[in-house]
Amino acid sequence: MTPAAAPLAELLRALAPPLEYLAADDFRRLDQTRLPLPALAERVARARASGPPGAAVPLAELERILGALRVGPAREQEELLRRAHALLPALREVAAAPAAWTEYRPSAAPVGTALAALAGPARAVRGVGPQRAADLARFRLETVEDLLYHLPFRYEDRRALRPLAALHVGEEATAVGEVARVHETRGGRRGRRILEVVLRDGDGLLLLVWFHQIPYFSRRLREGQRLVVHGRVEPPLGGGPRRIIHPEMEILGADEDPAALPRIVPVYGKPTAMHPGAMRRIVQAAVEEFADRVPSALPPAVAARQHVIDLGRALRQVHAPAPEADLQALADSGSPAHRSLIFDELFFLQLGLALRRSAAGEAPGTAFPASARLVPALRQRLPFRPTRAQERAFAEIAADLAAPHPMRRLLQGDVGSGKTLVALMAALGVIEAGHQAALMAPTELLAEQHLETVRPLAGPLGVEPVLLTGAVKGKARRAALAGLADGTITLAVGTHALIQEGVTFARLGLAIVDEQHRFGVMQRAALQRRGEESVDVLVMSATPIPRTLAMTLYGDLAVSTLDELPPGRTPITTELCRESRRERVYGRVRSEVAAGHQAYIVYPLVEESEKTALRAATTMVHELAAGPLAGLRLALVHGRMKAEEKDAVMRRFKAGEHDVLVSTTVIEVGIDVPNATVIVIEHAERFGLAQLHQLRGRVGRGRARGHCSLVVPDWTGEDAYHRLRTLEQSTDGFRIAEVDLALRGPGDFLGTRQAGLPDFRVANLLRDTALLTAARDEALAWLAEDPELSLPESAAVRAVLVHRWRGRLGLARVG
Ligand code: ADP
Ligand code: MG
């Protein structure tokens, strides 16, 4: 019960019984009853003063009724008491409102020393010496905090240890017994070594079998030892006992009573050579000594709303569950303790991201007025109408530009969704306001492509784009540099080097960074200043990112999405094909080339690797030229070539000098050859879905229909085959990204690990979407109340935030 509800409960205890008594026979015994009116009035006053939310109206009414009863004539009594009785349900409801949340004990500030202790080396934990510490460090467990947050990946249920005779074939079981025999034999056709151990209890037997690590186990196991074993029970061979192959195992000390062991036993990931029991003891020691020092810094109101428990309690429940704990919830990371740890992690992540966002949102920037001249003129000249998605994105960008703060926005959209046009409209607005804009691509070729797209649109408006890449040399380069420095060039197109190598701009207003995950570039662009003001930054990405990832990966950017392709596109057809039917695929390549089109063939590796026998681009190009594609003009491009060589080959392909470009994935990013209509991707099973989707976006860029053939080995399993079918069925990049993310996990998704996505200690973006959203909402709500984190309740929040972000993300500077 909340403290505020206590006086109300007292009032109800005094008021309800007489009213119920009277109502029971329809107020006929009224004349025999005397209510203690002054005492009740006093209680009403106290209840009103304590102000439980929701009770104000019924209490005011009650006060009026009691007042009337004290002065009023007797014949109105019945009516008044009926009204009082009718108020009871509403008052009861308020009184029964959810109890105050007492499961979260906020840490007593200040938390600095506790945080320092947690950041201390694992050696600080009892039982961890220098050798153990080194083993743990190699396993990426370096600090006390690492150990505390090294959660069990599984739990063993030892609450019901059953006799060996009662185990069932097929179940995952835990059992205790005594080693009756240790015996090495050889078996199978090759006479492999096998270790067999017979375990015995009263009258049951269990056979433990090892095929690997035999010397290790035969050294450790002795007759007479007592073991706790866990694993899947397999049927007996011949007439022998039931078996467990490669059981998990713990040797009990002579004095250890299995019944006294913790009965839900956590199982931890560990360095290979370390005994599971040793790992468990180390973590338990860390928990005993340090769990209660982990600061629980959430604002209490947030903890109460989210029903999370404090971290000390949560860590103890996760590492040492009580025997009556819900084992299923623990195993699914869905226990209240798990939820609490996850929420806490996500709250501080979102808080940090929100602060970075608002830091940019508050920094001084230039307010660019809406374009009155150039953008309308561009619209007039366009041979098509912008899509609704383009209009929406441009409106969002224009609003950012108009604000006196620097823009930090991501424009994401599938290949061909028309991002360049949106970027150009943004650039024109800035140029019209007297500033410069820079459009940057990751390669020289892509920069040239951008120039080709932009020049025919911007040139006639009097905005002549100038190219500046490594390939621009001599006089042209000097002219470009001078023009940027004195401001006569207003639109620069180039590689990321434009920003990285410190080209001087007279009045850079907008930096547009094309193509994914170039965070370094974005950050440097963001640091560029025009006087006291930061440059506006627009990042463009053709890699659709599912919402949950976007919320973390790009948590400090606002996002605009082009979720619609311009009309009139013919969707690419995609077919999945087993290797043995490859001839059909080459047939299509030949017929498309005969019709005047071009083709790509993509391999995942450059050289034949003996181990995996991948068909590699280098050898295949010769085989193709001699065999199935004889007579076609083939070219090769791969990742080991120098950038200029690569560009030269791709340029010749673009100019139509080659029919077929055989390549590794270097063509992935953005090359635009409208005449290419076929793409063949070998060993498609080796690529992620999102990457395949990017690759196939290289075709179907012109009028003619594009085809994509995904070739997989004949032995490709059902799972992999099924996964690739997603591409046959959908051309929606966002849907594909969702499926890819769900299948592969965020770490693998397009190598986001390198892209700066934090590794989470406890949270999982796929599983914890709901908590992520809740954490984000709570973090934003807290910042709305206390934007500077300067309230007393925010002192611990701030300390923990700084600690987390320094340790985990290395990005933020708060306060
Ligand atoms: P993205 O960079 O998003 O992959 P682009 O900006 O290169 O896509 O645009 C792809 C092609 O679509 C370009 O040839 C462009 O001129 C054209 N395009 C852009 N917007 C539209 C539109 N609204 N209607 C028709 N074609 C468009
Ligand atoms: Mg593009």
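Whatever order the structure lists them in is the order used to number ligands and atoms, beginning at 1. For reference, positions follow the sequence shown, starting with 1. Computed from a predicted structure; not experimentally measured. Heavy-atom basis, side chains included; hydrogens, waters and symmetry copies ignored.
Between R705 and T573, the side chains place no donor N or O within less than 3.5 Å of an acceptor N or O (distance only, hydrogens not considered). Judged purely by distance below 3.5 Å, without hydrogens or angles, the side chains of T488 and D486 pair a donor atom with an acceptor atom. The closest side-chain donor-acceptor pair between R696 and T574 falls under 3.5 angstrom. Counted by atom type alone, E452 and H450 present zero donor-acceptor pairs between their side chains at under 3.5 Å.
Interface of D414 with ligand 1, defined as ligand atoms under 4.0 Å from a residue heavy atom, comprises 3 (O). For ligand 1, the atoms lying closer than 4.0 Å to a non-hydrogen atom of R385 are 22 (C), 23 (N), 24 (N). Atoms of ligand 1 found under 4.0 Å from any heavy atom of T387 (numbered from 1 in listed order, with element): 23 (N). For ligand 1, the atoms closer than 4.0 angstrom to any heavy atom of T420 are 2 (O), 5 (P), 6 (O), 7 (O).
Considering backbone and side-chain atoms alike, G416 places an N or O below 3.5 Å from some N or O of ligand 1. Checked by distance only, ligand 1 and G418 come closer than 3.5 Å through their nitrogen or oxygen atoms.
At least one heavy atom of P386 sits closer than 4.0 Å to an atom of ligand 1.
Of all the listed residues (R388, K419, Q390), K419 holds the heavy atom that lies closest to atom 3 (O) of ligand 1.
Proximity of a side-chain donor or acceptor of R723 to a complementary backbone N or O of E685 within less than 3.5 Å is detected. Between the side chain of E444 and the backbone N or O of D647, no donor-acceptor pair lies under 3.5 Å.
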